[in-house]
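Please read the structure below before turning to the comments.
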Amino acid sequence: MSKRTIVTMPGDGIGKAVLDETLRVLDAAGFEADYVEGDIGWEFWKKEGDPLPQRTLDLIAKHKIALFGAITSKPKDEAFEELAPELKEKGLVYSSPIVGLRQHFNLEICARPCKTYKCNPLNFIKRGKDGDIVEPMVDVVIFRQNTEGLYGGVEWSNPDAKVYDALMSHPKFKKNFGHVPVEEVSVSTRIFSKERTENILRAAFDHAKEYGYKSVTLCEKPNVIRETSGMMYKMALEIQKNDYPEIELWNTNIDAQMMWLTKVPEDYGVIVAGNMFGDIVSDGFAGLIGGLGFACSAQWSKDGIAVFEPTHGSAPKYADYDTSIVNPMAMIESACMMLDFINEKEIAVKIRKALADVIEEGKVKTYDMMKMRGKADVVKNGAASTKEMADAVIAKL
Ligand code: NAI
Ligand code: MG
């Protein structure tokens with residue numbers, strides 16, 4: 001059988017360091033693939049005026065599976081300033097290549113697992129009934145709709161007459177905002193479509209079924225955001241009743257969920273939400289299992305294009321250190337999600353076991369696990385570098 005080709009997109013800042021170390025781990029675990037590198041990120045914006053060049057889209061369309069590090073994004077004005085001089089007259093406007101990737105390939109399903117590793121010094125702890133300290137084992141997977149809702153990009157400031165008139169035709173707009181001068185009005189829409197709402201709900205239920213979770217929790221706000229959250233809730237009830245009667249459907253408002261996750265995080269299994277609330281609740285749970293150094297994610301389309309990435313960004317302040325200090329685990333775990341996706345589950349199990357062994361042994365810890373402030377001297381002060389952490393994982397393999 002011919003080897004599979006994976007597109008690697010290091011991106012900016014620490015993206016390259018964590019991706020390079022992850023490829024070493026994959027190799028050591030016996031995963032065989034050819035890798036082709038895809039250009040993405042700030043450098044390509046500056047040089048070419050496009051942070052997501054067409055050639056990268058073509059590579060992903062061809063090979064379907066991609067590992068992605070992280071990119072740097074900057075506000076509009078700064079983005080313009082940093083453009084190559086010859087591009088400045090072209091009227092180019094920066095937009096995030098990650099959002100671009102999601103929209104281009106309709107990577108509508110985003111999964112973000114948050115699972116406690118035993119002995120991780122960053123684990124969430126709380127007081128038990130008798131005032132004792134308890135460490136709940138969190139095992140949650142958040143399914144976030146990845147392309148619609150508040151991130152759909154349908155928004156206006158000082159909307160033109162057509163849009164304004166349409167808004168004014170809504171009695172609540174007229175009553176609550178009709179007195180505001182149009183040039184002081186900004187609108188960001190939250191649009192949900194039935195088809196994609198159904199797709200994310202079903203992805204969540206399918207995952208619960210396949211991996212034996214007893215519940216799916218919808219985290220929206222149907223009592224207030226009646227049209228979008230309300231539709232999602234109604235559809236969830238229907239889908240659960242007809243196709244997943246063995247799995248419980250829980251309905252928790254997003255605000256209440258943010259409280260419950262610090263009280264009884266161990267009670268939750270699969271969580272499903274729209275784009276913005278999914279983003280929020282996944283960062284909330286990630287905080288309980290160690291934060292950005294551990295938070296991994298996968299995003300995929302119905303036709304099998306998939307991109308796997310840590311949820312952290314490019315951490316530019318650490319990017320120029322001679323020795324990279326950041327934790328590669330989030331990227332390594334994202335690669336494990338890739339292995340699950342392409343049915344290399346045994347290798348994923350091996351790597352996850354190696355990660356768990358390193359953490360439980362507690363000898364090798366990156367600066368975040370030692371609760372140090374991230375600085376160039378952390379390695380001198382006993383923290384493992386990115387490479388040393390990967391070496392420790394490889395040694396366990
Ligand atoms: P960030 O995630 O890059 O860094 C925030 C802080 O988290 C860091 O300063 C560091 O203390 C910690 N951190 C991040 N990754 C870590 C790791 N692997 N190990 C240990 N500690 C880690 O977010 P920030 O500073 O808000 O954004 C920096 C740049 O990244 C911006 O340009 C932003 O737009 C971009 N960004 C890109 C994302 C992506 O590529 N998916 C996601 C989030 C931000
Ligand atoms: Mg986020």
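Index from 1, following the sequence. Quick note: numbers below take in every heavy atom, side chains included, and nothing from hydrogens, waters or symmetry partners. Each ligand, and each atom within it, is numbered from 1 in the order the structure gives.
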Quick one: does [X] get within less than 4.0 Å of ligand 1, heavy atoms only?
X: Pro316; answer: yes
X: Tyr367; answer: yes
X: Thr366; answer: no
X: Gly374; answer: no
X: Val18; answer: no

- Do side-chain atoms of Thr116 reach the backbone of Met137 as a donor and acceptor pair under 3.5 angstrom? no

To check your reading of the model: name the closest protein heavy atom to [atom], its residue, and the distance in Å.
atom: atom 14 (C) of ligand 1; answer: His312 CB, 3.7 Å
atom: atom 2 (O) of ligand 1; answer: Gly313 N, 2.7 Å
atom: atom 37 (C) of ligand 1; answer: Ile71 O, 3.0 Å
atom: atom 5 (C) of ligand 1; answer: Leu292 CD1, 4.0 Å
atom: atom 11 (O) of ligand 1; answer: Tyr318 OH, 3.1 Å
atom: atom 33 (C) of ligand 1; answer: Ser73 N, 4.1 Å

- Message: In the complex you have, is atom 19 (N) of ligand 1 within reach of the protein, judged by whether a heavy-atom distance drops under 4.0 Å?
- Response: yes

- Protein non-hydrogen atom below 4.0 angstrom of atom 27 (O) of ligand 1 present: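 So atom 27 (O) of ligand 1 lacks protein heavy-atom neighbours under 4.0 Å.
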
Which of the numbered atoms in ligand 1 are below 4.0 angstrom from a heavy atom of [X]?
X: Lys317; answer: 9 (O)
X: Ser314; answer: 3 (O), 29 (C), 30 (O)
X: Ala70; answer: 40 (O)
X: Val326; answer: 17 (C), 18 (N), 19 (N)
X: Asn327; answer: 17 (C), 18 (N), 19 (N), 20 (C)
X: Thr72; answer: 32 (O)
X: Thr311; answer: 42 (C)

Scan side-chain atoms only and decide if [X] and [Y] contain a donor-acceptor pair under the 3.5 Å cut-off.
X: Ser215; Y: Glu248; result: no
X: Gln145; Y: Arg196; result: no
X: Gln299; Y: Glu108; result: no
X: Arg190; Y: Thr228; result: yes
X: Gln54; Y: Asp58; result: yes
X: Asn327; Y: Tyr367; result: no
X: Tyr117; Y: Asn123; result: no

- Query: Under 6.0 Å between the ring centres of Tyr164 and Trp156?
  - Reply: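 No - the distance between ring centres of Tyr164 and Trp156 does not fall below the 6.0 Å cut-off.
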
- Message: Can you confirm whether or not the ring centre of Tyr94 sits under 6.0 Å from the ring centre of Trp42?
- Response: yes

- Please state whether the rings of Phe205 and Tyr244 are parallel, tilted or perpendicular, taking 30° and 60° as the class boundaries. parallel

- Mind telling me whether Tyr213 and His207 have parallel, tilted or perpendicular rings, with 30° and 60° as the class edges?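 Ring orientation of His207 relative to Tyr213: parallel.
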
Should the proximity of [X] to ligand 1, defined as any heavy atom under 4.0 Å, be assigned to the side chain, the backbone, both, or neither?
X: Ile98; value: side chain
X: Lys74; value: neither
X: Glu309; value: side chain

- Query: Looking only at distance, does Asp368 have an N or O less than 3.5 Å from an N or O of ligand 1?
  - Reply: no

- Message: For a side-chain contact (heavy atoms from CB on, under 4.5 Å) check, start with the C-alpha distance between Phe294 and Met369, then their side-chain angles and the critical distance, and finish with the verdict.
- Response: CA-CA 10 Å; Phe294 293 86; Met369 298 170 74; 3.9 Å; yes

- Item | Hphob cluster co-occupancy, Val138 + Phe143, side-chain heavy atoms under 4.5 angstrom |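 Cluster IDs for Val138 and Phe143 match.
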
- Query: Relative to atom 3 (O) of ligand 1, which among Ala295, Gly11, Ala315, Pro328 owns the nearest non-hydrogen atom?
  - Reply: Ala315

